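To start, the structure itself, in structure tokens.
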Amino acid sequence: MTLLTVRDLTVRYGASQALFGVSLSVAKGEVVALMGRNGMGKTTTIKAICRMVPSQGDMTFADQSLARLPSHRAARLGIGLVPEGRRCFAPLSVIENLTAAARPGDWDLRNVFNLFPRLDERQSQLASSLSGGEQQMLAIGRALMTNPRLLILDEATEGLAPVVRQEIWGAIRNLKQNSGLSILVVDKTLKELAGVADRGVILERGRSVWSDDMAKLTPELAGRYLGV
Ligand code: ATP
């Protein structure tokens, strides 16, 4: 069953156009990698899906049109965003960050702490005092507390030490195996994406130019579009 469908998405920032026709879909329980070099439109695509920038084109989520919804309504439909740069509430504690986001469903504090035991150990610490990796875990935990049907991760491992990156990837694999969540993931590390994603979409200058099973992403395509 298709959960999210995006068809021919265009976005402008004032006079400059960032997206010229992006199409992608995410099925229930599927992990989709959104790829492309810097500035190709990945974050803009995510912001459009979350209704944080105005866009044109068809977008449906769980059979409902996203087109005219404000962002809080898109969130309430079940789109959980882990934004680039984490954006935890710095003056709030770990537990306050998590409970502020909570909506009824399977995900509660206990499940988040099972996924990230480090957050359990730091429940009353302020978000501002956490390490970068712990803040990333908190940002993921906060999105899970909204009990989303689709989790969107924008550069969740960026700027983290290799060992912490592996913890985040471990959590993403865990979510894929055990939660049945649909996940749309943007990241620069192709090897890790290839290990977790079922399908991939590549953006090139604001257009989706490749969309297929991740296993079909050849070194030639990766070289041409991703520069790796
Ligand atoms: P990165 O990997 O660097 O985050 P990206 O693929 O996520 O890149 P976007 O951030 O979506 O790319 O940017 C797509 C294009 O839109 C770029 O040309 C960028 O300069 C432009 N852009 C992004 N945000 C704005 C903005 N607020 N105002 C004007 N132009 C913007």
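Bear in mind the structure is a predicted one, so any value in this text is a computation, not a measurement. What's counted below: heavy atoms across the whole structure, side chains too, no hydrogens, waters or symmetry copies. Whatever order the structure lists ligands and atoms in, that order sets their numbers, starting from 1.
A salt bridge links R118 to E167: one of the charged nitrogens lies within less than 4.0 Å of a carboxylate oxygen. No salt bridge links R224 with E204; every basic N to acidic carboxylate O contact stays at or beyond 4.0 Å.
Applying the side chain to side chain contact (heavy atoms under 4.5 Å, CB included) criterion to E84, with sequence neighbours excluded, gives T43, D154, E155, E158. In this view, E96 and L92, S93 satisfy the side chain to side chain contact (heavy atoms under 4.5 Å, CB included) rule, not counting sequence neighbours. Partners of R12 under the side chain to side chain contact (heavy atoms under 4.5 Å, CB included) rule, at least two apart in sequence or in another chain, are Q17.
For a heavy-atom separation below 4.0 Å, the residues in contact with ligand 1 are Y13, A18, R37, N38, G39, M40, G41, K42, T43, T44, E84, E155, K188.
Put simply, the side chain of I79 reaches to within 4.5 Å of the side chain of I152, judged on heavy atoms.
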